[in-house]
*Asks:* 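Before anything else, here's the structure in question.
Along the sequence shown, the residues carry numbers beginning at 1. The model shown is predicted, which means the values in this text are computed figures rather than measured ones.
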Amino acid sequence: MTIVVAVLQAILLVALAPLFSGITRKIRAKMHSRKGTGILQDYYDLAKLMRRSEVREGGSGLVSRLMPPIFLGCFILIAAGLPIVMLACPIPILGDMITILYLMALPRFMFALASIDSASSYTAIGGIRELLVGVLIEPSLILVLFVMAIAVGSTDVGFMSAAVANLQATPLVAVVVAGVAFAMACYIEMGKLPFDMAEAEQEIQEGPLAAYSGPSLAMLKLGVSLKQLVVASLLVCIFLPFGSASSLAPLDIFIGFVVYVAKVLAVFLIASVIENSVMRVRYKILDRYTWFVMGIASLSLVFLVIGI
């Protein structure tokens, strides 16, 4: 039964990812006093790309061909293992903290590697910028998850979710501060401004996406949207697990899913408002923001050590 839940929630997250991306764009348009596209526009774009023929650069190799399915597949695996609708991981091996960190690092590594494999210097610069963001924010994520693992006595994300839901994660202040740091880190991982990936393919922030077309570009676009949804889900599952199902009863599972969608939608709404209220900055000064997140994560570790 848990395998069925894992497969269903992975399919549902893949299906919902373009919808949440469309909602985010609609909010951005409204805040900019524009009409904007419909919330279903991403589905139309993906369908259009899947019908187009694929064109590859002359200098690209095997890495460029493998990157789109690996990028998308890693986040599908994470989606299958998270305690999204239940207070337990459907597939425990995929819900382990260390497994999740590796599955999140692999797409970024392949993304940067494909940019170097490309024949264009612009895509290589974009890949390096993506690695820069990873180097700046991944230590904060690791530290926060380490604090939670010590607080609940397990690296299993489902165990963390159940402990927080039952108010058994102690010390309380350390857990709350870790949640604040994790929320800020997730905002950066979601690629929100000023840490965003520009949508125009001619801009170097787009990285190797500028070298793809057709079905490969569709997989990458879907993968980027799914990454945002998975990162938001990780925040909700660990620090806001209230309302998740405690059993495999169909009614509990349905209620857990409805509550999950409401919580993730709230996270996307808050992130969209923040994103459209800040300005774009130069990449060389992004560390000023990420060091602040690292400081809060370190503070949670201090509170954990002293038992507050």
*Asks:* Measuring from atom CD1 of I76 to atom CG of L222, what distance do you get when rounded to the nearest 0.5 angstrom?
*Replies:* 7.0 Å
*Asks:* In the structure I gave you, are the side-chain heavy atoms of F182 and C186 within less than 4.5 Å of one another anywhere?
*Replies:*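 They are in contact (side-chain heavy atoms under 4.5 Å apart), so the answer is yes.
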*Asks:* Let's go through S213 and E54 carefully: what are the C-alpha distance in whole Å and the side-chain angles of both, what is the deciding distance for side-chain hydrogen bond (donor to acceptor under 3.5 Å, both in side chains) to 0.1 Å, and is it a yes or a no?
*Replies:* CA-CA 5 Å; S213 61; E54 193 162 330; over 6 Å; no
*Asks:* Could you check whether atom OH of Y43 has more than 12 heavy atoms from other residues, nucleotides or ligands sitting under 6.0 Å from it?
*Replies:* yes
*Asks:* Apply ring-ring contact (aromatic ring centres under 6.0 Å, His included) to Y260 and list each qualifying residue two or more places apart in sequence or on a separate chain.
*Replies:*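 With sequence neighbours excluded, Y260 shows a ring-ring contact (aromatic ring centres under 6.0 Å, His included) to no residue whatsoever.
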*Asks:* Walk me through whether Y187 and E275 qualify under side-chain contact (heavy atoms from CB on, under 4.5 Å).
*Replies:* CA-CA 9 Å; Y187 177 85; E275 178 185 24; 3.6 Å; yes
*Asks:* According to salt bridge (charged side-chain N to carboxylate O under 4.0 Å, His left out), who are the partners of D96, at least two apart in sequence or on a separate chain?
*Replies:*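 Partners of D96 under the salt bridge (charged side-chain N to carboxylate O under 4.0 Å, His left out) test: none.
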*Asks:* Would you say that V175 contacts M148 through its side chain, given a criterion of any heavy-atom pair below 4.5 Å between the two side chains?
*Replies:*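 Contact flag for V175/M148 side chains = yes.
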*Asks:* Work out which heavy atom in T170 is nearest to a heavy atom in L304; give both atom names and the distance.
*Replies:*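 Closest heavy-atom pair between T170 and L304: O-CD1, 4.5 Å.
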*Asks:* Closest approach of S272 and M31, non-hydrogen atoms and distance?
*Replies:*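 Result for this residue pair: O-SD, 4.2 Å.
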*Asks:* Side-chain contact test, heavy atoms from C-beta onward, threshold under 4.5 Å: evaluate it for P90 versus Q9 and give yes or no.
*Replies:* yes
*Asks:* If two hydrophobic side chains count as joined below 4.5 Å and joins carry through other members, does M86 share a cluster with I255?
*Replies:* no
*Asks:* Compare every heavy atom of M50 with every heavy atom of A218, then report the nearest pair and how far apart it is.
*Replies:*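 Closest pair (atom of A218, atom of M50, distance): CB-SD, 3.6 Å.
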*Asks:* Using side chain to side chain donor-acceptor pair (under 3.5 Å) as the criterion, list what pairs up with S140, not counting sequence neighbours.
*Replies:*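 None.
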*Asks:* Under the criterion side-chain contact (heavy atoms from CB on, under 4.5 Å), I'd like the reasoning laid out for Q228 against F20: C-alpha separation, chi angles, the key distance, then a yes or no.
*Replies:* CA-CA 9 Å; Q228 294 182 353; F20 279 97; over 6 Å; no
*Asks:* Using atom types as modelled and distance alone, determine if a side-chain donor or acceptor of S21 lies under 3.5 Å from a backbone N or O of A17.
*Replies:*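 No.
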*Asks:* Are V180 and V147 in one and the same hydrophobic cluster, where Ile, Leu, Val, Met, Phe, Trp and Tyr link if side-chain heavy atoms are under 4.5 Å apart?
*Replies:*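 The answer is no; the residues belong to distinct hydrophobic clusters.
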*Asks:* Looking only at heavy atoms, what is the nearest atom pair of V230 and F75, with distance?
*Replies:*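 Looks like CG2-O, 3.8 Å.
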*Asks:* Does some side-chain heavy atom of L19 sit less than 4.5 Å from a side-chain heavy atom of D42?
*Replies:*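 Counting from C-beta outward, D42 and L19 never come under 4.5 Å.
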*Asks:* side-chain contact (heavy atoms from CB on, under 4.5 Å), that's the test. Do K35 and K30 meet it? Break it down for me.
*Replies:* CA-CA 7 Å; K35 181 179 181 181; K30 291 299 183 180; 5.7 Å; no
*Asks:* Please answer: with hydrophobic residues joined when any side-chain heavy atoms are less than 4.5 Å apart, are M67 and Y102 in the same cluster?
*Replies:* yes
*Asks:* Measuring only between side-chain heavy atoms, which start at C-beta, is S244 closer than 4.5 Å to V85?
*Replies:* no
*Asks:* Indicate yes or no: at least one non-hydrogen side-chain atom of L49 is less than 4.5 angstrom from one of P215.
*Replies:*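 No, too far: nothing below the 4.5 Å cut-off.
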*Asks:* Going from CD1 on I23 to CG on L40, what distance comes out if it is rounded to the nearest 0.5 angstrom?
*Replies:* 9.0 Å
*Asks:* How many angstroms lie between NZ in K48 and CG in L217, if you round to the nearest 0.5 Å?
*Replies:* 10.0 Å
*Asks:* Please examine the side chains of F239 and S161, heavy atoms only from C-beta on, and report whether any two atoms are closer than 4.5 Å.
*Replies:* no
*Asks:* When rounded to the nearest 0.5 angstrom, what is the spacing between CG in L301 and CD1 in I150?
*Replies:* 9.0 Å
*Asks:* Show the nearest heavy-atom pair for residues P83 and C237, with the distance to one decimal.
*Replies:* O-SG, 3.3 Å
*Asks:* Calculate, to the nearest 0.5 Å, the distance between atoms CE and OG1 belonging to M184 and T290 respectively.
*Replies:* 10.0 Å
*Asks:* Applying side-chain contact (heavy atoms from CB on, under 4.5 Å) between P241 and each of V157, V164, I84, report the one that passes.
*Replies:*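 It is V164; the other options fail the test.
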*Asks:* Indicate every side-chain donor-acceptor pair of residues 261-271 with a distance under 3.5 Å to a residue at least two apart or in another chain.
*Replies:*
from	atom 1	to	atom 2	distance (Å)
K263	NZ	L240	O	2.6
K263	NZ	F242	O	3.1

*Asks:* Could you give the distance from CG (L94) to OG1 (T99), rounded to the nearest 0.5 Å?
*Replies:* 7.0 Å
*Asks:* Go through it in stages, so that I can follow the logic: the residues are M294 and I137, the test is side-chain contact (heavy atoms from CB on, under 4.5 Å), and I'd like the CA-CA distance, side-chain angles, deciding distance and then a yes or no.
*Replies:* CA-CA 8 Å; M294 187 63 186; I137 199 58; over 6 Å; no
*Asks:* State whether the number of non-hydrogen atoms from other residues, nucleotides or ligands found under 6.0 Å of I306 atom CD1 is greater than 12.
*Replies:*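 Counting other residues, nucleotides and ligands, CD1 of I306 exceeds 12 neighbours.
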*Asks:* Which residues pass the ring-ring contact (aromatic ring centres under 6.0 Å, His included) test with F146, not counting sequence neighbours?
*Replies:* none
*Asks:* In terms of hydrophobic clusters joined by side-chain contacts under 4.5 Å, are V231 and L226 together?
*Replies:* yes
*Asks:* With sequence neighbours excluded, what pairs up with K227 under the salt bridge (charged side-chain N to carboxylate O under 4.0 Å, His left out) test?
*Replies:*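 For K227, the residues satisfying salt bridge (charged side-chain N to carboxylate O under 4.0 Å, His left out) (neighbours in sequence not counted) are E130, E189.
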*Asks:* Taking G158's backbone N and O only, do any of them form a donor-acceptor pair with D156's side chain (distance below 3.5 Å, no angle check)?
*Replies:* yes
*Asks:* Can you tell if the side chain of V224 reaches within under 4.5 Å of the side chain of F71, non-hydrogen atoms only?
*Replies:*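 Yes, at least one pair of side-chain atoms sits under 4.5 Å.
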*Asks:* Going only through I, L, V, M, F, W and Y residues with side-chain contacts under 4.5 Å, is there a path from V176 to I238?
*Replies:* no
*Asks:* If you look at every heavy atom in A80 and A6, which pair is closest and at what distance?
*Replies:* O-CB, 3.3 Å
